[in-house]
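Presented below is the structure to which this report refers.
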Amino acid sequence: MKYSHPPEVRPYLISKTLVPENQETPIHFYNGDIVTEKLFYRRNHFSYPHFASSFYLLPIEGLVHTPKVFSLQEIYSLPSKTMKVVLECSGDKRKLFKPKVFGEQWGKGALSQGIWKGVTLSTLLQYTGLLDSAKEIVFEGYDNGIRPDSNQLFNFSRSLPIEKAIDPETIIAYEYNNHPIPFKHGFPLRLIVPGWYAMASVKWIKKIIVIDKEFKGPFQAVDYVYYPNKENDSGKFPVTTINVNSTIQYPLNMQLLHTGVYEINGIAWSGNGKIANVEISIDGGKSWDTCHLTTSSEKHSWVRWNYKWEALKEGEYTILSKAKDSNGNIQPSEPTWNRKGYGYNAIDRIKVKVE
Ligand SMILES: Nc1nc2c(c(=O)[nH]1)N[C@H]1C(S)=C(S)[C@@H](COP(=O)(O)O)O[C@H]1N2
Ligand SMILES: [Mo]
């Protein structure tokens, strides 16, 4: 069933908090591949920043041979790279963890996909060079505020190790879906790190600083760390690559259906290579069948899948979807619980009743 929305009935963002603004994409009602600005989820730690974009300049400083300040014109004139990329918040699906964890109670829509254009960071670094002591590159955002855990003012800043920063897919983006990046999504310049959870993709870049140690800012060393234990920090490790995952879009969880033939459909994605296959179970995991992939499987973008279901017998059904990526990762039956609730990727599960 291909649902198209009549013009007067359209999906909206799903509000989680308003200041700072956190709203999810209505992912179950999205049958396209390119999420428009209107339905692109919004995830912010602070209020939106204030700065005069007409005077916008991007400095690269720290452990470089030649510090340099780039103008937007210069950046626009350099060779560019365009990619279709999934952005997924590491807190996507957090509300499904059991026991429950604190933080934004994201459902399945802290996720979007679109076309990003920009210049690779390695292209910019050709102008500045890197000193031998360079270890990480810090991206500082224009937005700042007080965190609940301290009285200090912090900007949203995060770092990448040099290898990831100079990866030919790591870009300083200036366009989304062929238009300047919408303000709420990082105008005029935003880092895009394909394959990593979206906290890495720093919006409103203020400056880039090369350092010789591990960056310890709170959005790196306190948040966006997996803490496997509830009571202590042992075994912690940083959140990076997007786990293989899938979401059933239709039918909806707990939907009532008449007997009939249905097209179950959804999406699947991974930060590790491409999606290799998606399997579906109609009987709660006793038996599995292969889904049909309706879009080509590409690195960094989601695939759409569907499955024809002949729902001829009345009753309750548990429907599961399970994706596998080209590196052999498969969605687990249970999520890996962690104290801050990152990286949920258990087999997707809905229930429906046929009557
Ligand atoms: N400057 C800045 N960059 C940021 C954030 C932020 O709060 N400030 N949030 C991060 C997180 S956690 C996510 S999931 C994505 C959300 O991007 P979006 O609001 O464009 O969907 O941006 C990342 N980059
Ligand atoms: Mo996020």
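Throughout, residue positions are numbered sequentially from 1 according to the sequence presented. For ligands, and for the atoms within them, numbers begin at 1 and follow the listed sequence.
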Identify the protein heavy atom lying closest to [atom], giving its residue, its atom name and the separation to 0.1 Å.
atom: atom 7 (O) of ligand 1; value: H45 ND1, 2.7 Å
atom: atom 4 (C) of ligand 1; value: F156 CE2, 3.5 Å
atom: atom 11 (C) of ligand 1; value: M199 CA, 3.7 Å
atom: atom 21 (O) of ligand 1; value: Y41 O, 2.6 Å
atom: atom 3 (N) of ligand 1; value: K203 N, 2.9 Å

Identified salt bridge (Lys or Arg N to Asp or Glu O under 4.0 Å) counterpart of K16 within the set E104, E24, E21: E24
What about [X]: any of its N or O atoms under 3.5 Å from an N or O on ligand 1?
X: W204; answer: no
X: N44; answer: no
X: S201; answer: yes
X: S90; answer: no

SB check D223 R147 (cutoff 4.0 Å): yes
Point-to-point distance, once rounded to the nearest 0.5 Å, from NZ of K353 to NE2 of H258: 12.5 Å
Distance, nearest 0.5 Å, that separates CD1 of I264 from NZ of K308: 12.5 Å
Give me the atom names and distance for the closest heavy-atom approach of [X] to [Y].
X: Y307; Y: C291; value: CB-SG, 4.3 Å
X: Y262; Y: Y250; value: CD2-OH, 3.7 Å
X: Y224; Y: Y342; value: N-OH, 3.0 Å

Subset of ligand 1 atoms that lie under 4.0 Å from at least one heavy atom of [X]:
X: H185; value: 18 (P), 19 (O), 20 (O), 21 (O)
X: Y224; value: 12 (S)
X: V202; value: 3 (N), 24 (N)
X: F40; value: 20 (O), 21 (O)
X: D143; value: 1 (N), 2 (C), 6 (C), 7 (O), 8 (N)

4.0 Å heavy-atom contact, L87 with ligand 1: no
Close approach of R190 to ligand 1, heavy atoms, under 4.0 angstrom: yes
Lys NZ or Arg CZ of K213 over F215 ring: under 6.0 Å, within 45°: no
Near-ring test W116/Y176, centroid separation under 6.0 angstrom: yes
Close aromatic pair by centroid cut-off 6.0 Å: Y174 and Y76: yes
Q249 versus R304, side-chain donor and acceptor atoms under 3.5 Å: yes
Region of F46 that comes within reach of ligand 1 [heavy atoms, distance under 4.0 Å]: neither
The one among G186, C89, A198, A200 that brings a heavy atom closest to atom 23 (C) of ligand 1: A198
